[in-house]
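Since the structure comes first, as structure tokens, the remarks are kept for the end.
Residues take their numbers from the sequence shown, with the count starting at 1.
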Amino acid sequence: SDFGGALHAPVLTFFFREVGATAVHIGLFGVMSSAGAFLLAPFYGWLVDARSIYWPVLASCGLCGFACLWRGLATTVWELFAAEAMMGLSG
């Protein structure tokens with residue numbers, strides 16, 4: 001969902017803690033991102049089959065980029081939740 005998320009996951013944990021997230025929050029961030037990707041995968045698959053690969057990739061890259069920016073600029077835990085929800089929507 002977040003284009004190589006396993007590479008930066010250890011660093012994000014320290015960032016989340018700096019913003020004020022607890023261990024439970026960090027776990028919920030992962031669940032939200034994974035659940036969003038799980039729920040939207042059939043839609044993205046249908047869109048690829050119905051149209052072309054261009055629009056799903058463009059939408060996924062755009063949402064992921066915006067979510068990463070929002071996550072990086074977040075100052076509260078609730079902003080992190082919103083950014084992670086958008087990250088899940090990016091597929």
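- Counting heavy atoms from C-beta outward, Leu12 and Arg71 have side chains that approach closer than 4.5 Å.
- In this structure, the side chains of Phe29 and Thr13 stay at 4.5 Å or more apart for every pair of heavy atoms.
- Residues Phe15 and Met32 are members of one and the same hydrophobic cluster, defined by side-chain heavy-atom contacts under 4.5 angstrom among Ile, Leu, Val, Met, Phe, Trp and Tyr.
- Taking 4.5 Å as the limit, every side-chain heavy atom of Trp46 sits out of range of all side-chain heavy atoms of Asp49.
- Residues passing the side-chain hydrogen bond (donor to acceptor under 3.5 Å, both in side chains) test with Thr22 are His25, sequence neighbours excluded.
- Shown here for Leu80 and Ala74, the closest heavy-atom pair between the two residues is CD2-CB, 3.7 Å.
- Proximity of Leu73 to Leu69: side-chain heavy atoms (C-beta onward) are separated by under 4.5 Å at one or more points.
- With hydrophobic clusters built from ILVMFWY side chains whose heavy atoms lie under 4.5 angstrom apart, Val24 shares a cluster with Phe16.
- Rounding to the nearest 0.5 Å places CG of Leu89 at 11.0 Å from CZ of Phe43.
- Of all heavy-atom pairs between Trp70 and Ala82, the closest is CH2-CB, 3.4 Å.
- For Val31, the side-chain contact (heavy atoms from CB on, under 4.5 Å) test picks out no residue, with sequence neighbours left out.
- Open room surrounds CZ on Phe38; 12 or fewer heavy atoms of other groups in view lie less than 6.0 Å from it.
- Take Ser52 and apply the side-chain hydrogen bond (donor to acceptor under 3.5 Å, both in side chains) test, not counting sequence neighbours, and it matches no residue.
- Closest approach of Ile26 and Ala21 over heavy atoms only: CG1-CB, 4.2 Å.
- In terms of modelled atom types and a separation under 3.5 Å, the side chain of Ser60 and the main chain of Pro56 share no donor-acceptor contact.
- Between the side chain of Glu79 and the main chain of Thr75, a donor-acceptor pair closer than 3.5 Å is present.
- Taking 4.5 Å as the limit, some side-chain heavy atom of Phe81 sits within range of a side-chain heavy atom of Leu28.
- Checking side-chain atoms of Ser90 against main-chain N and O of Met87 turns up a donor-acceptor pair under 3.5 Å.
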